[in-house]
Structure formats: structure tokens, C-alpha cells
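Each ligand, and each atom within it, is numbered from 1 in the order the structure gives. Both backbone and side-chain heavy atoms feed into the values below; hydrogens, waters and symmetry mates do not.
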Amino acid sequence: MASGKGKGQASLALHKVIMVGSGGVGKSALTLQFMYDEFVEDYEPTKADSYRKKVVLDGEEVQIDILDTAGQEDYAAIRDNYFRSGEGFLLVFSITEHESFTATAEFREQILRVKEEDLVPLLVVGNKSDLEERRQVSLEEASSRAQEWGVPYVETSAKTRANVDKVFFDLMREVRKKKMSESKDKNGPSGKKKKKRCCIL
Ligand code: GDP
Ligand code: MG
């Protein structure tokens, strides 16, 4: 949807988000549902790709850049580069696969290690909420884990589109909030990340 030409696109705020999680949890399906309003059932599982879209976030026109990761994250160097480039993370698991939930802890540690920050904008996303009858991860279990981590937990369905916009927009809000607080207390010469003072997610 490359419409707006005239207006200085370069001046739009750009929020970079990364889809992280085990294979098969629906990272690509969520991304494509958000981007194109369609449910893609058979997206190439090993394909990582990035997407950009102009959206209106609380009245402000911004751009979202989504990096949909795939198997390459197994290579630590590639993964670290991906994670370093991200400003916000959707940490996705499938509510129908407990193992994918367990895996979120490891992914989160990798993210925190690479970002070297106390506060990384992140949402835990329990996808495939339409498959309630196959649920292996209870709402309580996932919520309490997210609470421990001080981040929100949201259940989505890339199939029905439930909460799909919500997770991307909520994450962009977290990213924006962090950038605003950084630009306020940024005195150093570089705009580079520093150990951040804590604030509530
Ligand atoms: P990825 O490896 O994390 O990118 O996972 P994919 O997006 O490729 O999805 C893996 C499989 O799960 C595909 O067959 C999708 O159609 C299916 N899938 C993804 N999200 C959902 C969902 O919300 N509900 C249902 N029922 N199936 C989903
Ligand atoms: Mg994929």
C-alpha cells in the first residue's frame, strides 16, 4: 500500500518490531494478517522477510517495520543482528503447543542479552486462540509468566484476526514511549542506547 508520495515520508517516525518465537507458532501468519488482512496458511516456514507499512498511531502517521524471523535465528550471529536492530518484540507462542511457550523464556533471554537494556518493549503473544479445544497453555500460566517479566500478555488469532491489530499497536506504543523518554534524558553525544533507568511497562 504505497500511497502517500508527496508528504515527506522520511520524516515519519519509524518503529522497528521483530517477530520472535518457535517455528510454526504463527509469526508469519500474524504479520501477513496485519499487513494484508488475509490469513496465509502455508507461508514458507524458513523464509524471513521484512515489511513496512504506514499506519495511524493515536492520530499520528507513523511507519512500522516488521521483521518476521524464521529458522535463521539458530545461527547466533544472525539472530543477534536481527535482535539488535529491533526496537520492540512480539514474543509469540502457540497456545496449542506447550513447548513453544517454554521456549519463550530462552528467546527473551537472548533479546535482553543482545539489547543490554533493562527495559525492552515486548509483548508476550499467545497465538491460535481460535483453537481453544486444543489449548495446552492456560491463560493463567501465560499471564503469570508475563507478569513476572513485567510485560503484557495478549492472546491472538491470525486466523480470525482477533487482537492482531492490538498487539502491533500496543507494541508501537511501548516503543514510542521508550523513544520519548530516551530523547528526554539523552544528554550524551550519541543517540545510542544506554542502560536505561527503569520505568513501568
Ligand atoms: P511461523 O513459523 O511462526 O511463521 O508460523 P506460520 O505463520 O507459518 O504458521 C504455522 C501454521 O500455523 C500455518 O499452517 C498457519 O496456517 C497456522 N496458523 C498460524 N496462526 C494461526 C492461528 O491463529 N490459528 C490457526 N488455526 N492456525 C494458525
Ligand atoms: Mg514464518
Asker: Tell me yes or no: between the side chains of Q33 and T31, is some donor less than 3.5 Å from an acceptor?
Answerer: no
Asker: Kindly indicate whether the side chain of R52, heavy atoms from C-beta on, has any atom under 4.5 Å from the side chain of L14.
Answerer: yes
Asker: Regarding atom 3 (O) of ligand 1: of the candidates K27, E155, M19, which has the closest heavy atom?
Answerer: K27
Asker: At less than 4.0 angstrom from any non-hydrogen atom of D130, what atoms of ligand 1 do you find?
Answerer: 22 (C), 23 (O), 24 (N), 25 (C), 26 (N)
Asker: Using salt bridge (charged side-chain N to carboxylate O under 4.0 Å, His left out) as the criterion, list what pairs up with E155, not counting sequence neighbours.
Answerer: R135
Asker: Are the charged groups of E97 and R134 less than 4.0 angstrom apart, N to O?
Answerer: no
Asker: Would you say the side chains of D68 and S28 form a donor-acceptor pair under 3.5 Å?
Answerer: yes
Asker: Taking 4.0 angstrom as the limit, do R176 and D58 come out as a salt bridge?
Answerer: yes
Asker: Going by the closest heavy atom to atom 18 (N) of ligand 1, which one wins out of K159, R161, K128?
Answerer: K128
Asker: Does R161 come within less than 4.0 Å of D37, counting only side-chain N to carboxylate O?
Answerer: yes
Asker: Cation-pi check, K53 to F34: give yes when NZ or CZ is under 6.0 Å from the six-membered ring centre and within 45° of the ring axis, no otherwise.
Answerer: yes
Asker: Indicate yes or no: does K179 engage E182 in a salt bridge with an N to O separation below 4.0 Å.
Answerer: no
Asker: Please determine whether the number of non-hydrogen atoms from other residues, nucleotides or ligands lying under 6.0 Å from atom CD of Q136 exceeds 12.
Answerer: yes
Asker: What protein heavy atom sits nearest atom 8 (O) of ligand 1, and how far away is it?
Answerer: Y43 O, 4.0 Å
Asker: Rounded to the nearest 0.5 Å, what separates atom CG in L30 from atom CE in M19?
Answerer: 5.0 Å
Asker: Examine ligand 1 and decide if any of its atoms is less than 4.0 Å from a heavy atom belonging to G24.
Answerer: yes
Asker: Heavy atoms only, cut-off 4.0 Å: how does V25 contact ligand 1, side chain, backbone, both, or neither?
Answerer: both
Asker: Are any of the side-chain heavy atoms of L112 and V120 separated by less than 4.5 Å?
Answerer: yes
Asker: Which one holds for V92 and ligand 1: side chain close, backbone close, both close, or neither close, with close meaning a heavy atom under 4.0 Å?
Answerer: neither
Asker: Among all protein non-hydrogen atoms, which one is nearest to atom 23 (O) of ligand 1, and what is the separation to 0.1 Å?
Answerer: A158 N, 2.7 Å
Asker: Does the side chain of D130 come under 3.5 Å of the side chain of T160 through a donor N or O and an acceptor N or O?
Answerer: no
Asker: Looking only at protein heavy atoms, which one is nearest to atom 7 (O) of ligand 1, and what is the separation?
Answerer: A29 N, 2.8 Å
Asker: Under 3.5 Å, N or O to N or O, is F39 touching ligand 1 that way?
Answerer: no
Asker: Between R145 and V124, is there a side-chain heavy-atom distance shorter than 4.5 Å?
Answerer: no
Asker: Which ligand 1 atoms are under 4.0 Å away from a heavy-atom of G23?
Answerer: 2 (O)
Asker: For ligand 1, which is the ligand I care about here, please tell me if D42 has any N or O atom under 3.5 Å from one of the ligand's N or O atoms.
Answerer: no
Asker: Write out the residue and atom name of the closest protein heavy atom to atom 15 (C) of ligand 1, then the distance separating them to 0.1 Å.
Answerer: E41 O, 3.6 Å
Asker: Of all the atoms in ligand 1, which lie at a distance below 4.0 Å from a heavy atom belonging to L131?
Answerer: 26 (N)
Asker: Would you mind finding which of P45, S157, G26 brings a heavy atom closest to atom 6 (P) of ligand 1?
Answerer: G26
Asker: Please check whether N127 reaches ligand 1 - meaning an N/O of the residue sits under 3.5 Å from an N/O of the ligand, judged on distance alone.
Answerer: yes
Asker: Which residues and atoms, counting only protein N, O or S, are under 2.8 Å from the Mg ion (ligand 2)?
Answerer: S28 OG
